**Student:** 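Below you'll find the structure I mean.
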Amino acid sequence: MKAWVLEDVGDIQYKEAAKPHISENEVLVAVKAAGICGSDIPRIYQTGAHQMPLIPGHEFSGQVVQTGENADVKWQNKRVGIFPLIPCRNCIACQKGQYELCRNYSYLGSRRDGGFAEYVAVPERNLIELSENVSYEEAAMLEPMSVACHALRRVKASSSDTVAVCGLGTIGMFIVMLLLERNVKNLLVIGNKEFQKEKILKLGIKEEQYCDSKCENTEAWLDKKTGGIGADVFFECVGKNETCLLAINHAAPGGKVCLVGNPYSDMLLDKQAYWKILRNQLTVTGTWNSSFTGEVTDDWHMVVHLLKEKKIDPAQFISHRYRLEELDRGFEIMRDKSCLLYTSDAADDLI
C-alpha cells in the first residue's frame, strides 16, 4: 500500500509500505478521509513519534474490508469512525471505564501506525458505525468534535449561562458550535485571526459577541460585556499563562473554568489569581481527550447522533482537500502557516 512514513524527525516520505497484518481482534480499514491535527506538525517536524518509522494520522474514517478471526463479521464493509486511543483495559482508570485516562495506552498515529495510509489495522472495540447520511469527511472530524463535547460535559453549561470561549483553534471552534447547538446564546468569543472571525460569524455568533484580542483590550471587553461580573463558564482553549489568568480573573462568583488548551509553557499562578479562585469559589477543571465506552451516552456516540440528525455541520470548516499523494502540501501549510488555515484534511479522493 501507499503511505506517508515518518522515518525520522523532519523526514516524512510517501512510499510503499506493507499492508497491515491484522490480529484476531482487529479489522482492516480502508481509509477514506483523514484530517491533519495540529499535534501532527510538531510530531513530524520537531519531536518525532514514540517510535519510528511510523505512519502518523489519528483523525480518520473509512470502510472495513477485512475482519480478524475473533472480530464480529458484522463489521465487514461497514462505514466507520475510529477512536484512536487504544486503552490497556487493566489500569485503575480503565477498570472504571474512563479509557481516556488510561495510564498504559497505545494510540493510532503516534504510538502505532495511523491513518495517513491506504489501510490501517484497528481494534474492533475502537470502531463506531456511521449512518449513511454521515459523510467520511464529517467522520474524519469525530475525534476533535468528541474532545470538544467532552469539555462541555465536564462543566455542563446551561442555556442561561454567560459562556466565554478564548481560543479558536479546532477544539475552540467546535466548542462554540456545540454550545450553539445546545441553545447557549449568551456567548462571548475571543480570537485573534480574521479567518477565525469569518468562521465564527458564519456559525451564528454576532459581531458584538466576538473580540479580536489583537485589536481590543480583552479584559476591558469582558468587563463591559459582563457588567464586571464575569462569565459563568469560561473555556480556556489556548494553553498560555496569560489566557489561563484571563479565565480565572474573568469568571463570575461561583463560576467554572475549563482548561482545554495544551500548555505552551509553564503555568504560573500568582497570588491575585489564587485569591480569585478562593474568594469566588471557582471550580477549575481540566479536560482530556474524550469518552469512548461503546455506550450511546459516550462522547463519540453523542456526536455521531448530532451528525446523523444534521444538528451540526463540521464540514464547513474544511479549508483544503488533497489526494493522499499530495498530503505533504497540507503538512507544509500548517507548519509554515503560509495561508489562513483552519482545518486541512487529507486522504484518498475525498479530502
Side-chain angles (χ1 to χ4, degrees), residues 1-6 14-37 40 54-68 71-86 106-147 170 290 292 294 298-301 303-305 307-308 314-315 317-318 320-327 330-331 343-351:
M1 68 173 184
K2 290 289 188 178
W4 285 94
V5 181
L6 182 62
Y14 183 62
K15 60 193 298 185
E16 290 285 345
K19 183 184 289 188
H21 174 73
I22 60 173
S23 71
E24 57 186 14
N25 295 312
E26 292 181 330
V27 303
L28 188 66
V29 173
V31 179
K32 299 297 183 181
I36 303 175
C37 175
D40 289 323
L54 176 108
I55 299 170
H58 61 269
E59 299 177 6
F60 64 97
S61 62
Q63 184 175 29
V64 175
V65 295
Q66 183 184 346
T67 58
D72 196 325
V73 294
K74 74 173 186 178
W75 291 110
Q76 186 67 36
N77 298 321
K78 292 291 187 181
R79 304 168 67 254
V80 293
I82 293 95
F83 180 59
L85 187 150
I86 303 171
S106 187
Y107 207 89
L108 295 167
S110 67
R111 296 170 186 253
R112 57 180 279 184
D113 288 341
F116 294 157
E118 291 182 293
Y119 298 95
V120 186
V122 178
E124 177 188 16
R125 287 180 167 182
N126 287 62
L127 302 175
I128 185 167
E129 186 174 353
L130 307 175
S131 62
E132 287 299 323
N133 69 337
V134 175
S135 71
Y136 286 121
E137 293 185 0
E138 292 173 320
M141 292 183 275
L142 279 173
E143 197 273 339
M145 283 190 290
S146 297
V147 169
T170 305
S290 57
F292 187 87
D298 70 28
D299 298 326
W300 282 67
H301 284 81
V303 172
V304 166
H305 173 75
L307 288 172
K308 179 181 178 181
F317 298 131
I318 299 173
H320 296 68
R321 289 174 170 83
Y322 296 118
R323 295 177 63 86
L324 180 61
E325 62 267 26
E326 303 171 321
L327 187 54
F331 296 150
T343 301
S344 179
D345 292 57
D348 238 12
D349 298 334
L350 296 174
I351 296 183

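Keep in mind it's a predicted model, so treat the numbers as computed, not measured.
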**Student:** Could you check if a side-chain atom of Ile318 sits within less than 4.5 angstrom of a side-chain atom of Met141, using non-hydrogen atoms only?
**Tutor:** yes
**Student:** Evaluate the criterion side chain to side chain contact (heavy atoms under 4.5 Å, CB included) for residue pair Ile86 and Arg111; output intermediate values, then yes/no.
**Tutor:** CA-CA 10 Å; Ile86 303 171; Arg111 296 170 186 253; over 6 Å; no
**Student:** Are the side chains of Phe83 and Leu142 in touch, meaning some heavy atoms are under 4.5 Å apart?
**Tutor:** no
**Student:** Find the distance between OG (Ser23) and CD (Glu124) and round it off to the nearest 0.5 Å.
**Tutor:** 10.0 Å
**Student:** For Trp75 and Val64, which heavy atoms make the closest approach, and how far apart are they?
**Tutor:** O-CB, 3.1 Å
**Student:** Got a second to check how far Asn77's CG is from Arg79's CZ, nearest 0.5 Å?
**Tutor:** 12.0 Å
**Student:** Would you call the rings of Trp300 and Phe292 parallel, tilted or perpendicular if under 30° counts as parallel and over 60° as perpendicular?
**Tutor:** perpendicular
**Student:** Does the side chain of Pro20 reach to within under 4.5 Å of the side chain of Val120, using non-hydrogen atoms?
**Tutor:** no
**Student:** Looking only at heavy atoms, which two atoms of Leu28 and Ala121 are closest? And how far apart?
**Tutor:** CD1-N, 4.3 Å
**Student:** Asp40 versus His58: any side-chain heavy-atom pair under 4.5 Å?
**Tutor:** yes
**Student:** What's the shortest heavy-atom distance between Gly115 and Ala34, and which atoms?
**Tutor:** O-CB, 4.0 Å
**Student:** Rounded at 0.5 Å granularity, tell me how far CD in Glu129 sits from NZ in Lys78.
**Tutor:** 4.0 Å
**Student:** Using 0.5 Å steps for rounding, measure from the CD1 atom of Ile82 to the CG atom of Leu127.
**Tutor:** 6.5 Å
**Student:** I need the minimum non-hydrogen distance between Met1 and Ala117, along with the two atoms involved.
**Tutor:** CE-CB, 3.9 Å
**Student:** Enter the distance from Leu85:CG to Asn126:CG here, rounded to the nearest 0.5 Å.
**Tutor:** 8.0 Å
**Student:** Side chains of Glu137 and Arg321: closer than 4.5 Å at any heavy-atom pair?
**Tutor:** yes
**Student:** For Pro144 versus Thr170, what's the shortest heavy-atom pair and its separation?
**Tutor:** CB-CG2, 3.7 Å
**Student:** Assess the residue pair Phe116 and Val31 against the criterion (side chain to side chain contact (heavy atoms under 4.5 Å, CB included)); give the C-alpha distance rounded to whole Å, side-chain angles, the decisive distance to 0.1 Å, and a yes or no.
**Tutor:** CA-CA 8 Å; Phe116 294 157; Val31 179; over 6 Å; no
**Student:** With a 4.5 Å heavy-atom cut-off, do Leu327 and Ile36 have their side chains touching?
**Tutor:** yes
**Student:** Measure across Pro314 and Glu138 and return the closest heavy-atom pair with its distance rounded to 0.1 Å.
**Tutor:** CG-CG, 4.2 Å
**Student:** Are the side chain of Thr67 and the backbone N or O of Val73 linked by a donor-acceptor pair below 3.5 Å?
**Tutor:** no
**Student:** Say you draw a straight line from OG of Ser146 to NE2 of His301; how long is it, rounded to the nearest 0.5 Å?
**Tutor:** 10.0 Å
**Student:** Taking side-chain hydrogen bond (donor to acceptor under 3.5 Å, both in side chains) as the definition, give me every residue that meets it alongside Asp113, ordered by chain and number, with sequence neighbours left out.
**Tutor:** none
**Student:** Taking only residues two or more places apart in sequence or in another chain, which ones pass ring-ring contact (aromatic ring centres under 6.0 Å, His included) with Tyr119?
**Tutor:** none
**Student:** Does CZ in Arg125 sit with more than 12 non-hydrogen atoms of other residues, nucleotides or ligands closer than 6.0 Å?
**Tutor:** no
**Student:** Going by side-chain hydrogen bond (donor to acceptor under 3.5 Å, both in side chains), name the residues that satisfy it together with Gln63, two or more places apart in sequence or in a different chain.
**Tutor:** none
**Student:** Examine distances only and state if a side-chain atom of Glu118 and a backbone atom of Lys2 form a donor-acceptor pair shorter than 3.5 Å.
**Tutor:** yes
